[in-house]
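Just below is one structure, and these are the notes that go with it.
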Protein chains: 2
Amino acid sequence: MEQTAPQKGTVTERAIEQIKAMIGGGSLEPGERLPTERDLAAQLGISRSSMREAIRALTVLGVLEARHGSGIYVTQLEAGDLLETFGVVADLSRGPRLVELLEVRRILESTATALAAARITRPQLAEVEEHLAAMEATDDPEEILSHDLAFHRAIVSAAGNETMAAILEGLSSRTFRARVWRGYQEEGAFERTRREHARIHRALVAHDPEAARAAAAAHVGEVEEWLRSQLD
Amino acid sequence: MEQTAPQKGTVTERAIEQIKAMIGGGSLEPGERLPTERDLAAQLGISRSSMREAIRALTVLGVLEARHGSGIYVTQLEAGDLLETFGVVADLSRGPRLVELLEVRRILESTATALAAARITRPQLAEVEEHLAAMEATDDPEEILSHDLAFHRAIVSAAGNETMAAILEGLSSRTFRARVWRGYQEEGAFERTRREHARIHRALVAHDPEAARAAAAAHVGEVEEWLRSQLD
DNA sequence: ACCTCCGTAGTGGTCGGACCACCTTCGTGA
DNA sequence: TCACGAAGGTGGTCCGACCACTACGGAGGT
């Protein structure tokens with residue numbers, strides 16, 4: 001009997017694990033180019049079709065990047081690369097799961113905003129104010145949403161934790177917010193949102209972490225409460 | 001000109017988006033069975049190979065589940081299904097990224113532990129104590145790690161937010177902890193870990209959320225500090 | 001009438017080959 | 001010296017065949 005092949009799971013799953021192991025084990029560095037699909041397949045003793053499925057899987061996970069005509073490369077393995085799939089969670093979650101997601105966002109975003117209050121620099125603060133102003137200068141819901149997202153993104157970015165920023169980016173994905181906020185905003189919540197944003201902004205200017213935490217938690221909590229009440 | 005085909009990106013990427021849209025749009029319910037690979041391919045006008053890649057991608061994301069000989073099914077789309085891939089992030093992150101990951105875990109786990117202190121039931125508390133006792137009754141590092149994981153999992157579970165639990169599960173994945181803790185535990189941190197666990201336990205028994213939050217934050221923070229000091 | 005067993009149709013899993021679309025490189029020519 | 005174009009290499013797509021496994025239902029026995 002040949003013991004060289006453990007034979008657990010499908011060949012594609014094995015290939016995925018082996019490539020992941022190569023990267024985790026250090027034989028493949030971030031940014032490095034992999035052998036060709038054909039070579040990799042021969043190397044692991046599987047067909048090119050199965051190897052392509054493995055590569056595709058690692059591509060959607062943000063671990064690999066395939067460039068047509070050039071080759072397959074390991075991504076930089078930055079937080080943004082690996083956490084891009086987090087948006088899928090937000091897009092496909094429903095019902096009670098959405099509330100839980102918002103609760104996670106409230107916890108992380110309030111902490112991030114508190115950190116930002118302590119660390120934010122003048123240029124970063126200027127960017128925050130820019131989006132705040134742009135939000136109030138238009139009536140187009142689409143544009144408001146864009147600057148709303150950018151407003152929070154700028155704040156979270158100032159907290160200095162890229163991983164946290166990437167997670168929150170997923171939790172605030174465009175389709176997610178559009179889905180939840182459509183109903184929420186229609187209940188005349190614009191004015192309240194404006195006040196909450198202003199309160200967050202004042203805390204940032206004052207470099208007051210506790211006030212920032214409270215303001216951000218209240219802001220996200222408002223939507224959370226509304227969504228919870230909709231589940232009846 | 002045929003305008004029926006938008007032609008952006010690869011056909012596989014389009015197929016992934018279309019299937020995701022079907023699920024998000026409600027034409028595919030959780031647990032429902034999809035058409036066969038061959039039918040789906042014909043339906044979207046692509047080859048079976050490309051369709052298989054799309055299905056494989058959605059499978060690793062925890063959205064679909066393929067059962068050999070039976071068919072392809074939509075998962076229940078529970079937090080655990082969709083966030084299983086989160087472990088990959090922890091496994092492949094390195095250097096500064098690891099510290100950021102631990103910071104996120106500290107924030108979430110301290111909050112979860114605080115919630116647990118307020119809500120934990122007697123049976124749940126019993127399970128926590130079981131793992132605590134088992135941890136102190138053995139010298140096998142492997143077994144200690146197992147019960148350590150289960151200890152925290154039981155606590156987080158008592159917080160009542162499955163999504164948060166699934167995220168923390170990923171942040172505490174076996175390979176992740178084994179990697180970080182190997183060096184940490186060798187510095188005689190066993191005794192300190194024991195005291196910290198005991199402190200968390202006392203806070204749970206007393207149903208004291210603030211004490212629980214502080215104890216959990218300190219516990220994770222210890223490892224975080226140590227890892228930060230190793231980056232020199 | 002009921003249960004057991006096994007055949008069979010249908011499904012996902014794997015393979016090999018062919019061709020296309022795109023990028024990169026290098027040699028040719030101005 | 002530099003711009004251009006041809007050629008090779010790479011990922012992207014498709015096809016057809018076969019294998020491994022599951023599920024369903026009918027034949028046979030009790």
Side-chain angles (χ1 to χ4, degrees), chain A residues 1-2 4-20 22-23 28 30-76 81, chain B residues 1-2 4-20 22-23 28 30-76 81:
Chain A
M1 301 260 189
E2 290 283 353
T4 55
Q7 299 290 6
K8 36 181 175 179
T10 68
V11 295
T12 302
E13 287 168 358
R14 255 178 292 158
I16 293 175
E17 291 307 319
Q18 294 191 44
I19 295 178
K20 266 190 354 192
M22 287 187 215
I23 298 175
L28 282 177
E32 188 176 340
R33 195 195 141 166
L34 278 70
T36 68
E37 292 180 345
R38 293 162 175 87
D39 289 347
L40 268 177
Q43 188 175 321
L44 299 187
I46 66 178
S47 72
R48 193 187 162 205
S49 313
S50 301
M51 178 53 71
R52 273 190 60 77
E53 286 185 28
I55 293 170
R56 172 70 63 182
L58 290 170
T59 298
V60 301
L61 288 180
V63 176
L64 297 182
E65 179 189 355
R67 301 181 202 158
H68 193 172
S70 173
I72 307 166
Y73 302 80
V74 182
T75 67
Q76 293 303 332
D81 298 324
Chain B
M1 302 256 191
E2 290 283 353
T4 55
Q7 298 291 7
K8 35 181 175 179
T10 68
V11 294
T12 302
E13 286 167 359
R14 253 179 292 158
I16 293 175
E17 290 307 318
Q18 293 191 44
I19 295 179
K20 267 191 350 193
M22 287 186 216
I23 297 175
L28 282 178
E32 189 176 340
R33 195 196 142 165
L34 278 70
T36 70
E37 292 179 346
R38 293 159 174 92
D39 288 348
L40 268 177
Q43 188 175 320
L44 299 188
I46 66 179
S47 72
R48 195 189 158 200
S49 313
S50 301
M51 178 53 71
R52 273 191 61 79
E53 286 185 26
I55 293 171
R56 171 71 62 183
L58 290 170
T59 297
V60 301
L61 288 180
V63 176
L64 297 182
E65 179 189 355
R67 301 181 202 158
H68 192 173
S70 172
I72 307 165
Y73 301 80
V74 182
T75 68
Q76 292 300 69
D81 299 325

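What you see is a predicted model; the values in this text were computed from it and never measured. Numbered from 1 within each chain, the chains take letters A, B, ... in sequence-line order.
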Output for pair (B/Met51 CE, B/Ile16 CD1), nearest 0.5 Å, gives 10.0 Å
What residues 37-48 of chain A contributes to the DNA chain D interface at heavy-atom separation below 4.0 Å is A/Glu37, A/Arg38, A/Arg48
Contacts of B/Glu37 meeting salt bridge (charged side-chain N to carboxylate O under 4.0 Å, His left out) (sequence neighbours excluded), chain-then-number -> B/Arg48, B/Arg52
Side chain to side chain donor-acceptor pair (under 3.5 Å) filter on B/Ser50, not counting sequence neighbours, yields B/Ser47
On a heavy-atom basis, the closest approach of B/Gln43 and B/Pro35 is OE1-CG, 4.3 Å
Rounded to the nearest 0.5 Å, the CD1 atom of B/Ile72 sits from the CG atom of B/Asp39 at a distance of 10.0 Å
Separation of C/dT11 atom P from B/Tyr73 atom OH, nearest Å, is 10 Å
note: A/Met51, atom CE; C/dC15, atom P; distance rounded to Å ~ 10 Å
Show the atom names and distances, to 0.1 Å, of all donor-acceptor pairs under 3.5 Å that link a side chain in residues 54-69 of chain A to residues at least two apart or in another chain.
from	atom 1	to	atom 2	distance (Å)
A/Arg56	NE	B/Glu53	OE1	3.1
A/Arg56	NH2	B/Glu53	OE1	3.3
A/Thr59	OG1	A/Ile55	O	2.7

Under a 4.0 Å heavy-atom cutoff, the residues of residues 59-70 of chain A touching DNA chain D are A/Ala66, A/Arg67, A/His68, A/Gly69, A/Ser70
Are A/Ser50 and C/dG13 close enough that a side-chain N or O sits under 4.0 Å from OP1 or OP2? no
Atom CZ of A/Arg52 and atom C1' of C/dC20 are separated, to the nearest Å, by 13 Å
Open item on the list: For a quick check of understanding: with a heavy-atom distance under 4.0 Å over all strands, which category does A/Ile72 fall into, base, sugar-phosphate or nothing?
Closed with: sugar-phosphate
Taken to the nearest 0.5 Å, the spacing of A/Thr12 OG1 from A/Ile46 CD1 works out to 6.0 Å
Note: chain B reaches DNA chain D at heavy-atom distances under 4.0 Å over the stretch, first to last nt, 5' to 3', of D/dG12 to D/dT22
Taken to the nearest 0.5 Å, the spacing of A/Leu44 CG from A/Ile19 CD1 works out to 6.5 Å
Would you classify B/Ser49 as touching base, sugar-phosphate or nothing, given that sugar-phosphate means primed atoms plus P, OP1 and OP2, and contacts are heavy atoms under 4.0 Å? base
One thing to verify: whether B/Arg14 and B/Glu17 come together as a salt bridge, which I'm taking to mean a side-chain N less than 4.0 angstrom from a carboxylate O.
no
